[in-house]
Amino acid sequence: MAQMTKVCRFMETQSICEEGVELAKTALAVFEQYADEFAAHIAKKSCKAGVCKKFVTYHILADKCVGCGDCMDECDDDAILGKKKFIHVIDQDECTQCGKCVDACDEEAIVMAGAIKPRCPAKPIPCKR
Ligand code: SF4
Ligand code: SF4
């Protein structure tokens with residue numbers, strides 16, 4: 001961020017055309033106005049709005065999953081582990097954050113998370129429901 005600001009400040013004073021100056025000014029204004037958001041994305045690798053796919057993860061809530069398996073059918077990446085009557089688990093290494101499984105779950109057991117992650121089992125365990 002500091003480097004980008006430095007480049008823009010240089011552009012602002014050294015550009016040979018007006019467009020370069022205006023672009024630099026616009027970028028600097030954006031950096032200033034959204035300083036908190038830039039810091040969160042760059043330093044904490046988190047997106048508070050849950051918009052940046054790279055920074056969100058999907059999880060299956062153990063107290064809601066009934067082990068129906070519908071989400072597994074929907075996942076093209078084979079990122080969901082489980083079997084009938086077991087609480088399913090998303091393998092974060094395989095998940096591509098497409099979000100398709102969320103709509104497949106009638107129990108609303110699959111949630112998206114930003115910096116704060118829900119506690120979930122590490123591997124499938126029998127359902128209590
Ligand atoms: S997460 Fe939802 S769709 Fe997947 S097994 Fe559990 S209840 Fe079924
Ligand atoms: S978000 Fe997409 S890739 Fe990840 S578990 Fe769900 S369906 Fe599979």
Side-chain angles (χ1 to χ4, degrees):
M1 197 64 212
Q3 189 69 16
M4 284 160 64
T5 303
K6 206 170 153 186
V7 169
C8 287
R9 293 229 181 279
F10 186 75
M11 276 177 67
E12 195 180 17
T13 55
Q14 303 301 314
S15 289
I16 54 171
C17 66
E18 198 52 38
E19 276 184 34
V21 175
E22 285 308 312
L23 277 172
K25 280 184 178 168
T26 303
L28 286 167
V30 170
F31 295 163
E32 193 179 335
Q33 189 171 350
Y34 297 102
D36 291 347
E37 284 80 359
F38 276 108
H41 282 73
I42 295 169
K44 295 183 186 163
K45 306 275 182 251
S46 79
C47 174
K48 216 158 75 177
V51 173
C52 299
K53 272 177 71 176
K54 201 174 172 186
F55 299 147
V56 299
T57 48
Y58 288 86
H59 305 267
I60 296 176
L61 302 176
D63 60 340
K64 289 195 172 179
C65 179
V66 295
C68 68
D70 289 352
C71 54
M72 285 181 93
D73 298 337
E74 203 59 44
C75 182
D76 297 331
D77 298 289
D78 294 331
I80 302 178
L81 312 173
K83 57 185 179 181
K84 288 278 174 207
K85 292 286 167 200
F86 272 65
I87 292 166
H88 287 46
V89 174
I90 294 178
D91 180 344
Q92 300 300 332
D93 292 334
E94 298 298 327
C95 178
T96 55
Q97 291 88 33
C98 72
K100 280 168 71 180
C101 53
V102 175
D103 295 332
C105 180
D106 291 338
E107 304 296 324
E108 297 183 350
I110 305 179
V111 293
M112 186 178 74
I116 300 167
K117 313 292 184 193
R119 286 177 66 117
C120 299
K123 58 182 184 180
I125 53 173
C127 283
K128 289 187 182 141
R129 295 179 65 191

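Start at 1 and go down the list; that is how both ligands and their atoms are numbered.
- Heavy-atom proximity to D77, at under 4.0 Å, picks out these atoms of ligand 2: 3 (S).
- Near G99, the atoms of ligand 2 lying under 4.0 angstrom from a non-hydrogen atom of the residue are 1 (S), 2 (Fe).
- Within ligand 2, the atoms closer than 4.0 Å to a non-hydrogen atom of I80 are 5 (S), numbered from 1 in the order shown.
- The shell of residues lying under 4.0 angstrom from ligand 1, judged by heavy atoms, includes G69.
- Rounded to the nearest 0.5 angstrom, F55 CZ and K45 NZ are separated by 5.5 Å.
- The closest side-chain heavy-atom distance from L28 to R9 is below 4.5 Å.
- S15 places no side-chain N or O within 3.5 Å of a backbone atom of E12 that could act as its donor or acceptor partner.
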### Task
I would like to know whether I60 and I80 meet side chain to side chain contact (heavy atoms under 4.5 Å, CB included); could you show each step before the answer?
CA-CA 9 Å; I60 296 176; I80 302 178; 4.1 Å; yes
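- Taking backbone and side-chain atoms together, C98 has an N/O/S atom less than 2.8 Å away from atom 2 (Fe) of ligand 2.
- Around atom 2 (Fe) of ligand 1, protein N, O or S atoms at less than 2.8 Å comprise C105 SG.
- In plain terms, the two heavy atoms of C105 and A109 that are nearest each other are SG-N, 3.3 Å.
- Here the heavy atom of the protein found nearest to atom 4 (Fe) of ligand 2 is C95 SG, 2.3 Å.
- The nearest pair of heavy atoms linking H88 to C71 is CD2-SG, 4.1 Å.
- Atom SG of C120 is separated from atom NE2 of H59 by 6.5 Å, given to the nearest 0.5 angstrom.
- Residues I87 and P121 come closest through the heavy atom pair CG2-CG, 4.1 Å.
- Ranking protein heavy atoms by distance to atom 8 (Fe) of ligand 2, first place goes to C75 SG, 2.3 Å.
- For the pair V111/P118, a side-chain contact is recorded, criterion being any heavy-atom separation below 4.5 Å from C-beta on.
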